[in-house]
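Chain A is the first sequence line, chain B the second, and so forth, proteins listed ahead of strands; every chain is numbered from 1.
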2 protein chains.
Amino acid sequence: MPTGAKRTATRRLPLNRGRVLRAALEIADKGGSESLTMSNVGQKLGVESMSLYRHVRNKEDLLDGIVDIVYSEIELPPSGVSWRTSMRRRAISAREVLARHPWAIGLMESLTRPGPANLRHHDSVLGVLRGAGFSSAAATRAYNLLDSYIYGFALQEAHLPFGTPEELAELGKSMIPQLSSEEFPFLRQVGIDLVQSGFVYANEFEPGIDLILDGIERRVRLKS
Amino acid sequence: MPTGAKRTATRRLPLNRGRVLRAALEIADKGGSESLTMSNVGQKLGVESMSLYRHVRNKEDLLDGIVDIVYSEIELPPSGVSWRTSMRRRAISAREVLARHPWAIGLMESLTRPGPANLRHHDSVLGVLRGAGFSSAAATRAYNLLDSYIYGFALQEAHLPFGTPEELAELGKSMIPQLSSEEFPFLRQVGIDLVQSGFVYANEFEPGIDLILDGIERRVRLKS
DNA sequence: ACCTGAACACCGTTCAAGT
DNA sequence: ACCTGAACACCGTTCAAGT
C-alpha cells in the first residue's frame, strides 16, 4: 500500500494560484525564462500542465503574476529619513532583487498591466518625493531617472558574461587577443586595464545612483 | 506561361544572409518579436522556413544578426566636438534607434556575443572618452552610466501604454477612477496632474541625459 | 471540485530526397 | 547548389471525459 504514498501526499496539497506562481518563480530563477514552460511548472507540482489553467488564465497571466511577486520583494522606500536616503535604499533593493531574478527584466511588458505590488510600490515612491516637496512633474522626472538607471543597469548586468574579477580575467584572456589593435584599439586597451585593475561591475551601481541623486537634488527637486 | 511568373522572379533573387536578416528585421519591426518566426521569415522571402538554415545557423544566430543591424544604425559618436556633445549626440541617436526597434531591447542577451557593429560602436565611444582624458576606469563608468540610462529609458518607453498626451488622457480617463484615494493617493494625484499638464514621456530623455553628463563632468571625468 | 487524455495549431530543427 | 517533404520533439491551450 505505501507504493506511491509520497506522491499521493504531495498531490493532496490542493493547487492554488499562489502555489502555481511560486513554483513558476522557482523554475525561472533556476533555469531562466526559457525553462519556464507550463509543462515544467506542472511537473514541479506533480500535476499535468492542463491543470494549471484552473488557477491562471493563461501563460501571460502567469507571467504577470510572478513579475508582481518580484515587485513585492523590492523594499518600499522608507519614511522618516530624507528623500535621498529613502530613494537610495529603494534603488539598492531594486537592483538586488532584479539581480536575483534576472529573467524578470525582460518581462516588463507586464508593467502594462501592473499588479497590486507594483501599484503600491509606485504609490510609495511618489509619496516620498511629493512629501519632500517635489511637484508631480518633478517627482515623475526623478522617478523616471532613477528607474531608467536601475533597469538599464540590471539589464546589462543580467547579460554580462562575467561577475567576479576572476571570470573577467578569464574572459579577457580569451577575448582580448581577438581584438586587433588596429580595428579596436580602445576596446582592447580598456579591456586590458579593467582586467588588470580587477573591475567589478556590481560596484558601479552605487556611485551611479549617487551621481543621479545629486543631479536630482540640484536640477529637478524644486522645478515647476 | 506567365502563370506564377512574378513568384518565380521573386524566387530567383538568390537567398543570402543579408536578405534573410533584413526580412527578419522588417517582421520584428512590424509585429514585435513574437511575430518573428522562422516560418514568417521564410514566407516573406517566398521560401520554406527550412531554407533559411542554409544562411543562418539557427534562430539564435538570426537574432544576433538583426541585433547587430540595429546597432549599426546608431550614429557613432562624432569627433571634432567636445566629449559632451559627442556623447549627447550618440545617446539621442541610440534612444531613437531603440524606439524604432523596441523588440531589440529584450534581445540584449546577444550582447554576450557582440557582432562587428557592436564592437565598432564600443570602440568609438571609448575612443572619444579616452581622447578627452578619461582613464579606462572613468571611461567605463561614464559609458555604463549613459548606457544604463539609455537602455532603461528605452525599456520603459517600449512598454508604455501611451505616447501622445491624447493617449495619456484616454488612459487616465479609464485608469484613474480605478485608483482609490485611500489606497493609492499619490499615484492618483500625480496621474491627474500629468494628464492635465500634457505629459510627454519622450521629452524626458534629453534633460535626463544632460543631468547625467553634468554628473560625469563633475564626478567622473578626472577620477582615478 | 478537481484533474487529465486526446487533440489541435504552432514552434524550431534535421535530413534524406528532390530539382 | 539550392530548396523542400516528411518527420521529430516540444510548445500553449481547449474540452470532453474521468475520479
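- Rounded to whole angstrom, the span from the CG atom of Leu63(B) across to the C1' atom of dC11(C) amounts to 14 Å.
- dA7(C) atom P lies 16 Å from atom CD of Glu48(A), rounded to whole Å.
- The pair Arg57(A)-Asp64(A) does not count as a salt bridge, with every side-chain nitrogen at least 4.0 angstrom from each carboxylate oxygen.
- Contacts classified as salt bridge (charged side-chain N to carboxylate O under 4.0 Å, His left out) and involving residues 153-171 of chain B (residues at least two apart or in different chains) are given here: Arg95(B)-Glu157(B).
- Heavy atoms of Thr37(A) sit under 4.0 angstrom from primed sugar atoms or phosphate atoms, though from no base atom.
- In this structure, the CE atom of Met38(B) is 18 Å from the P atom of dC11(D), given to the nearest Å.
- In this structure, the CG atom of Asp61(A) is 10 Å from the P atom of dT13(D), given to the nearest Å.
- Side chains of Asn16(B) and His55(B): a donor-acceptor N/O pair is absent below 3.5 angstrom, by distance only.
- One atom, CZ of Arg19(A), and another, P of dC2(C), lie 13 Å apart when rounded to the nearest Å.
- The side chain of Met50(A) lies closest to dG5(C), out of dG12(C), dT13(D), dG5(C).
- Salt bridge Arg90(A)/Asp147(A): present, at least one basic N to carboxylate O contact under 4.0 Å.
- Mapping Arg54(A) and Glu34(A) onto DNA chain D via the closest heavy atom, the residue that lands nearer the 5' end is Glu34(A).
- Ser51(B) has no side-chain polar atom (N or O) that falls below the 4.0 Å cut-off from OP1 or OP2 of dC2(D).
- Residues Ser148(A) and Gln156(B) have side chains that bring a donor and an acceptor to within less than 3.5 angstrom of each other.
- The interatomic distance linking Leu52(A) (CG) with dG12(D) (P) rounds to 10 Å, in whole Å.
- Screening Arg120(B), Arg130(B), Met87(B) for a side-chain contact (heavy atoms from CB on, under 4.5 Å) involving Val125(B) leaves a single residue, Met87(B).
- Distance from the side chain of Lys59(A) is smallest for dG12(D) among the nucleotides dT4(C), dT13(C), dG12(D).
- Remark: aromatic rings of Phe153(A) and Tyr201(A) are close, center separation under 6.0 Å.
- In this structure, the CG atom of Leu62(A) is 12 Å from the C1' atom of dG12(D), given to the nearest Å.
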Q) Which string of ( ) [ ] | and . matches DNA chain C, if you list each base 5' to 3' and count Watson-Crick or G-U pairs only when both distances are under 3.5 Å? A) ||.|||||...|||||.||

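- Across the protein-nucleic acid pair, Gln43(A) atom CD and dC10(D) atom C1' stand 13 Å apart, rounded to whole Å.
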